[in-house]
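Below is one structure, written out as structure tokens, with a few remarks after it.
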Amino acid sequence: MKLAIGCDHAGYELKNEIIQYLKNFDGVEVEDHGTYSGDSVDYPDLALKVAEAVAFGDAERGIVICGTGIGISIAANKVPGIRAANCHDQYTAQMCREHNNANILAFGSRVITAQTAKELVKTFLETDFAGGRHQRRVDKITGIEQKYSK
Ligand code: RB5
């Protein structure tokens with residue numbers, strides 16, 4: 001699976017740690033969209049890179065990291081086709097896949113520990129969408145997107 005990853009300055013160190021951690025997963029190819037230092041940047045710019053990689057099919061899924069996970073997930077969700085979930089624990093990481101078919105995992109470097117972040121990543125990668133009634137609901141999300149897209 002090709003996985004796009006990106007962060008702002010607040011997520012820079014955690015992103016590096018997650019990239020190292022992802023080497024434990026067979027078949028996961030990581031595409032690092034930056035940022036590449038701890039210098040201040042604007043999280044929407046990095047969210048857009050990862051979200052476009054996923055929306056255009058260059059990557060199957062993505063991970064975005066900022067201080068809280070809030071700004072970068074809001075920005076990623078503006079790209080049609082993106083369902084970015086800001087998660088804080090294993091349960092939300094599992095549900096975002098099973099119920100919401102999230103294609104981008106977001107989290108905050110100032111909110112969760114690196115250990116928790118690794119657990120979220122593992123769960124996000126290993127959990128399948130449940131489909132069924134959840135497909136209908138995800139289709140309704142797409143419907144909202146289409147209503148407001150020109
Ligand atoms: C940067 O200081 C911070 O605002 C950003 O990383 C993020 O938390 C925004 O939602």
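One-based numbering, in listed order, for ligands and for the atoms of each.
Each of Gln94, Arg137, His134 was evaluated against His99; a single residue qualifies, His134, per the side-chain contact (heavy atoms from CB on, under 4.5 Å) test. None of Asp32, Val41, Thr35, Val64 except one satisfies the side-chain contact (heavy atoms from CB on, under 4.5 Å) rule with Cys7; the exception is Thr35.
Inspection of the Asp89 and Thr92 side chains reveals an N or O donor paired with an N or O acceptor under 3.5 Å. With 3.5 Å as the limit, one finds a donor-acceptor pair spanning the side chains of Gln135 and Asp139.
Ion pairing of Glu126 with Arg97 is absent here, as no side-chain N (NZ or NE/NH1/NH2) approaches a carboxylate O to less than 4.0 Å.
The nearest pair of heavy atoms linking Cys87 to Cys96 is SG-SG, 4.0 Å.
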Under a 3.5 Å threshold, I'd like every N/O contact between ligand 1 and protein atoms, with atom names and distance.
{"unit_1": "ligand 1", "atom_1": "2 (O)", "unit_2": "Arg110", "atom_2": "NH1", "d": "3.2"}
{"unit_1": "ligand 1", "atom_1": "6 (O)", "unit_2": "Asp8", "atom_2": "OD2", "d": "2.6"}
{"unit_1": "ligand 1", "atom_1": "6 (O)", "unit_2": "Gly67", "atom_2": "N", "d": "2.8"}
{"unit_1": "ligand 1", "atom_1": "8 (O)", "unit_2": "Gly67", "atom_2": "N", "d": "3.3"}
{"unit_1": "ligand 1", "atom_1": "8 (O)", "unit_2": "Thr68", "atom_2": "N", "d": "3.0"}
{"unit_1": "ligand 1", "atom_1": "8 (O)", "unit_2": "Thr68", "atom_2": "OG1", "d": "3.2"}
{"unit_1": "ligand 1", "atom_1": "10 (O)", "unit_2": "Thr68", "atom_2": "OG1", "d": "3.3"}
{"unit_1": "ligand 1", "atom_1": "10 (O)", "unit_2": "Gly71", "atom_2": "N", "d": "2.9"}

